[in-house]
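So the structure is just underneath, and the comments pick up after that.
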Amino acid sequence: MLSKQEEKLIDRFYTLLNLKTIKPCSSYQWTMFYKKIAVDLNMMNGNYVDHKAIYDRLIKDWENTCFRKYLPKSYHNSWLVDIFRKHRKSFHPIRHIMVWNSFLFDKSLEEIFTMVNAFPTKSSNKKDRKFVALQKTNKNISEQRCAWLDLCNTNIELGIKCLRNTDNGGSLYAWLYRHDRDWLKKNSPDAKRINLNRYKRDYKAWDEENILLLQEYITEITTLKKRPRISKTYLIKKLPTPNSVEKHLTDLPRTVSV
């Protein structure tokens, strides 16, 4: 039996196929559209899109469906990251619809394309690039302030950086930073010094993450007719932090064995 998500995706896909005409949308319009989604849903870390939060949301929505296979194995360097960045290429309709189903479930295709076309076809000035910070919000400032103060009072021992790493702290801080910055500065704890010697990297988790990324990359590259010579050094350079990986190869046995 299909879930609501699966039924909605299939219905949207066939509706899309049967549309007689679709007004073309520029890469800039798609870029602004997806940035606005991230802003409206508070999936931002400061001025940057919170790609992990987006990935976690889609995993939650599609984990037990037949479309799970279309999601990347990691939120690093994937189509899901690219779709929320500056658009330099096109994406398969199913990938678009999976995102729409997770974040715009109640919107019709007509409404979605209207939203996309509402943006200028290209960036004409700096104001266009800063539209994210100027978006109107339906959230109540008093409620957001109270939520932030409650978070601070509940975690008196934490500094602002640690507060932002709590479950709701990041999105709450980002919202207040955009819409009530002066108040936020006056009502935030001072930065606390962290003893860096206490930090210990989770090498096992790092190793597992590297394996997922490498397996995905190897699968992609082996399908190419003309592909570069694959060596251990070449593969390590494809990881997010290759220099760190090279320094800790003895701590990453699975990464070394690929």
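Each residue takes its place number in the sequence, starting with 1.
A salt bridge links D61 to R57: one of the charged nitrogens lies within less than 4.0 Å of a carboxylate oxygen. Between E246 and K237 there is a salt bridge, with a side-chain nitrogen of the basic residue lying less than 4.0 Å from a carboxylate oxygen of the acidic one. Using a 4.0 Å cut-off between charged side-chain N and carboxylate O, D56 and K52 make a salt bridge.
In terms of heavy-atom proximity, P72 sits nearest to W79 at CD-NE1, 3.3 Å.
When each of Y28, F91, F84 is paired with Y34, the ring pair (Phe, Tyr, Trp, His ring centres under 6.0 Å) condition holds for F84 and for no other.
A parallel orientation is assigned to the rings of W30 and H87, their planes being inclined by less than 30° (bins at 30° and 60°). Using a 30° and 60° split on the angle between ring planes, H92 and F13 fall in the parallel class, below 30°.
At distances below 3.5 Å, not a single donor-acceptor pair connects side-chain atoms of T65 with backbone N or O atoms of E6. Looking only at distances, no side-chain donor or acceptor of Q215 sits under 3.5 Å from a matching main-chain atom of L212. Under a 3.5 Å cut-off, the side chain of K8 and the backbone N or O of F105 do form a donor-acceptor pair. For the pair N155 (side chain) and L151 (backbone), a donor-acceptor distance under 3.5 Å is present. Although no hydrogens or angles enter the test, the distance criterion places no donor-acceptor pair under 3.5 Å between the side chain of D251 and the main chain of Y203.
For the residue pair S102 / W62, a side-chain donor-acceptor distance below 3.5 Å is found, with atom types taken as modelled. H76 and Y55 share no side-chain donor-acceptor pair at under 3.5 Å. Side-chain N/O atoms of N101 and R12 include a donor and acceptor closer than 3.5 Å.
No chain of hydrophobic side-chain contacts below 4.5 Å, direct or via other Ile, Leu, Val, Met, Phe, Trp or Tyr residues, connects F33 to Y48.
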